[in-house]
Amino acid sequence: MSVKSAIKDVTDRIAARSELSRRDYLDRLDKARKQGVYRSTLSCGNLAHGFAACGPTDKAALSGETALNLGIITAYNDMLSAHQPYETYPGIIKAAAREIGAVAQVAGGVPAMCDGVTQGQTGMDLSLFSRDVIAMAAAVGLSHNMFDAAVFLGICDKIVPGLVIASLTFGHLPAVFIPAGPMTTGLPNDEKAHVRQLYMEGKVGRDALLEAESKSYHGPGTCTFYGTANSNQMLMEIMGLHLPGASFVNPGTPLRDALTKAATKRALSITAQGNEYTPAGHVIDEKAIVNGLVGLLATGGSTNHTMHLVAMANAAGLRITWEDMSALSDHVPLLARVYPNGLADVNHFHAAGGMGFLIRELLDAGYLHDDVTTVWGKGLEAYTKEPRFIGEELTFEPAPAESGNPKVLTTASEPFSKTGGLQLLSGNLGKSVIKVSAVKPENRVVEAPAKVFHTQQGLQDAFKAGELTEDFIAVIRFQGPKAVGMPELHKLTPTLGILQDRGIKVALVTDGRMSGASGKVPAAIHMTPEAADGGPIAKIRDGDMLRLDANEGTLTYLGDEHTFLARTPATENLEHEHYGMGRELFAGFRQLVGAADRGASVFA
């Protein structure tokens, strides 16, 4: 089925807006392709250094001119559950490469920090910046020019976007992303959230809270709620950088290992030396980006991707905007209910039909571009299949014709909502985004006086002091990328949820971030211009009447606008927030970083 006109219109606008930058990008790729990976052009000293640690078989192969060499960029560490499974992947990948006469080398490692560990801590100030550090670290690994293709081992919040930026910077190389999968289902996410609220109210102690958290986050793999990590995996699949159906297979299973081997061999089959040359820079074009945006909206994915997708697209010479996202959101239906947008987790989503079912529904209804290039071949239709074993052979069979659980995964003809889960808010306070897929309709409009804080702790203290008893809109400012690196403010979620449950009308406005785990409280996030740039958010005072209307897509100061805009912006001495836990090393990042709606990147 042809793509709907609304989808095509956005795609065409992106293509037109990006015409010159995309042409320049593709010209650079073509030049890099022609220069190629010719190890024979390296000096003997260069080449000797490149394979000095290899065994005899691999050294002999790399001494010639035709053997393929696969670079592995890995985010492995054994502290974080999502990345711990990657410990064994290099061995699996190397063995699979040798089976077809190729070589694989670990080209480099990249940092992988966990927002779950740093949530509410000073280390969170490094989180967003870690994306661009990861991109640069991966570039260092690939800069040796020893590789015909690359595989990328990464899964969580900033890791995958950083790796995508790197893969597109080296866009003349084929790039296949290999996931590790989610941990098995533990304590249901809604039960964990309930214990968090009880703890905030002082009704249970720390021992009960830790027990609940440990039962929820209990083993290897990604967290099972639909936050940024699992949104990453959805994006890599729907944009054609994964193998079909690879995203949500649990770690440590035969199917997971078989997919890793298959991904290795596929990466080596699409190099410039073969007949199916598929460089990453040609996989990610405006149609692939729009497919990613549609997938994000149709699943109620992470708000972090309102920045990450902008930065990722920019690396491919493509210019996308929040207005593009909002235009798509007006037309794309919500087909998945995964926590915090429902009670199910990603394992339930996968069991109900998963990505194959979702992509087929969106394709058949005209919401996705089928005429795209993927690492698996031409056309997105191939991603309506899922991996299975027939005997001992890995095969790809059609996804189920019907959802295994219509309360978790539904059809395009009977969506949970006729519009997407993300919304652009604009008005005299600037621009921001809001995730509405978990917000009940009766809570999507809040008109109330502002209560202004410059830290998360300020609101927490006011809550503990019993000062938050009337309707209000919490304004948490000086949390933007230039101010302190734009930390997530997820620590506020239980507090605001308690107040909403008490019948108080409450909302959040901030130039900081909330994660894909942001839930039932309306939160206008990523406010730009940020307070540190003198944006209107810096002019709000306690008691100012504000109106957040997620239905109309507006966020406004109610009063004399001229007088409001003439106010002198508030300032804050943030020097104490720029030291400790490595934050002093990122002073240059804070100076160079762009606005949230431009990707909050130091690269553009």
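Everything numeric here is computed off the predicted structure, so don't read it as measured data.
- Taking the six-membered ring where the residue is Trp, His83 and Tyr86 present tilted rings, their angle falling between 30° and 60°.
- Salt bridge status for Asp30 with Lys34: present, with a side-chain N to carboxylate O gap under 4.0 Å.
- Rounding to the nearest 0.5 Å places CZ of Phe147 at 8.5 Å from CG of Leu70.
- Contact detail for Gly181 and Ile155: the closest heavy-atom pair is N-CD1, 3.4 Å.
- Smallest separation of non-hydrogen atoms from Gly245 and His350: O-CE1, 4.3 Å.
- In this structure, Thr260 contributes its side chain and Arg256 its backbone to a donor-acceptor pair below 3.5 Å.
- Checked by atom type and distance alone, the side chain of Asn304 never pairs as donor or acceptor with a backbone atom of Thr228 at under 3.5 Å.
- Heavy-atom contacts from other residues, nucleotides or ligands closer than 6.0 Å to CD of Glu323 number more than 12.
- At least one side-chain heavy atom of Glu488 sits less than 4.5 Å from a side-chain heavy atom of Asp157.
- For the pair Ser326 (side chain) and Trp322 (backbone), a donor-acceptor distance under 3.5 Å is absent.
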Worked check of side-chain contact (heavy atoms from CB on, under 4.5 Å) between Leu363 and Tyr383: CA-CA 10 Å; Leu363 266 178; Tyr383 285 73; over 6 Å; no
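- Between the side chain of Asp533 and the backbone N or O of Gly535 there is no donor-acceptor pair closer than 3.5 Å.
- Using a distance-only test at 3.5 Å, with no hydrogens or angles considered, no donor-acceptor pair links the side chain of Ser329 to the main chain of Met325.
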Stepwise side-chain contact (heavy atoms from CB on, under 4.5 Å) check, His369 with Val294: CA-CA 10 Å; His369 294 281; Val294 168; over 6 Å; no
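- Of the inter-residue distances, the one linking Lys287 atom NZ with Ile7 atom CD1 reads 13.0 Å to the nearest 0.5 angstrom.
- In this structure the side chain of Asn341 reaches within 4.5 angstrom of the side chain of Lys435, judged on heavy atoms.
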Worked check of side-chain contact (heavy atoms from CB on, under 4.5 Å) between Lys378 and Asp370: CA-CA 9 Å; Lys378 296 291 185 180; Asp370 183 41; over 6 Å; no
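- Once rounded to the nearest 0.5 Å, the distance linking CG of Leu29 with CZ of Arg22 reads 8.0 Å.
- Listed here is the closest heavy atom pair of Gly300 and Leu334: N-CD1, 3.5 Å.
- When side chains are defined from C-beta on, Leu128 counts as touching His308, because their heavy atoms get closer than 4.5 Å.
- In plain terms, the two heavy atoms of Pro529 and Ile537 that are nearest each other are O-CG2, 4.0 Å.
- Side-chain atoms of Gln479 come within 3.5 Å of backbone N or O of Arg477 as a donor-acceptor pair.
- The closest side-chain heavy-atom distance from Asp132 to Val593 is not below 4.5 Å.
- Ile72 contributes atom CD1, which lies 7.0 Å from atom OG1 of Thr264 (distance to the nearest 0.5 angstrom).
- Counting heavy atoms from C-beta on, the side chains of Leu422 and Val433 never come closer than 4.5 Å.
- Pairing each heavy atom of Gly427 with each of Thr556, the nearest pair is CA-CG2, 4.1 Å.
- Rounded to the nearest 0.5 angstrom, Ile178 CD1 and Ile93 CD1 are separated by 4.0 Å.
- Each of Ile284, Leu163, Val164 was compared with Met312 under the side-chain contact (heavy atoms from CB on, under 4.5 Å) criterion, and only Val164 meets it.
- Between the side chains of Glu237 and Ser247, at least one donor N or O lies within less than 3.5 Å of an accepting N or O.
- Between the side chains of Asn232 and His305, a donor-acceptor pair is found at a separation under 3.5 Å.
- Taking CD1 of Ile320 as the reference point, atom CZ of Arg13 lies at 12.5 Å (rounded to 0.5 Å).
- Between Met355 and Phe349, some side-chain heavy-atom pair lies under the 4.5 Å cut-off.
- Taking a 6.0 Å sphere around NZ of Lys94, one finds it holds more than 12 heavy atoms contributed by other residues, nucleotides or ligands.
- In summary, the side chains of Thr303 and His526 do not present any donor paired with an acceptor at a separation below 3.5 Å, with no hydrogens or angles considered.
- Within the 3.5 Å criterion, the main-chain N or O of Leu153 finds no donor-acceptor partner in the side chain of Tyr76.
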CA sep, side-chain torsions, deciding dist, call: Phe589, Val133, side-chain contact (heavy atoms from CB on, under 4.5 Å): CA-CA 10 Å; Phe589 277 59; Val133 171; 3.8 Å; yes
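- The backbone N or O of Met239 sits nowhere less than 3.5 Å from a side-chain atom of Asn291 that would complete a donor-acceptor pair.
- Counting heavy atoms from C-beta on, the side chains of Lys4 and His331 never come closer than 4.5 Å.
- Counting heavy atoms from C-beta outward, Leu555 and Ser432 have side chains that approach closer than 4.5 Å.
- Under a 3.5 Å cut-off, the side chain of Arg266 and the backbone N or O of Val375 do form a donor-acceptor pair.
- In this structure, the side chain of Arg131 engages the main chain of Ala600 through a donor-acceptor pair within 3.5 Å.
- The existence of a salt bridge linking Arg360 and Glu386 is excluded, since no basic side-chain nitrogen approaches an acidic carboxylate oxygen closer than 4.0 Å.
- Considering all non-hydrogen atoms of both residues, Val3 and Tyr367 come closest at CG2-C, 4.4 Å.
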Pair Arg17-Glu286, salt bridge (charged side-chain N to carboxylate O under 4.0 Å, His left out): steps then yes or no: CA-CA 11 Å; Arg17 186 189 306 131; Glu286 65 273 10; over 6 Å; no
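- Side-chain atoms of Thr299 and Tyr226 form a donor-acceptor pair, as typed in the model, at a separation below 3.5 Å.
- Side-chain contact of Lys158 with Ser127: a donor-acceptor pair under 3.5 Å is present, judged by distance alone.
- Counted by atom type alone, Thr321 and Asp324 present one or more donor-acceptor pairs between their side chains at under 3.5 Å.
- Between Phe177 and Phe152, the two ring planes are parallel [angle under 30°; tilted spans 30° to 60°].
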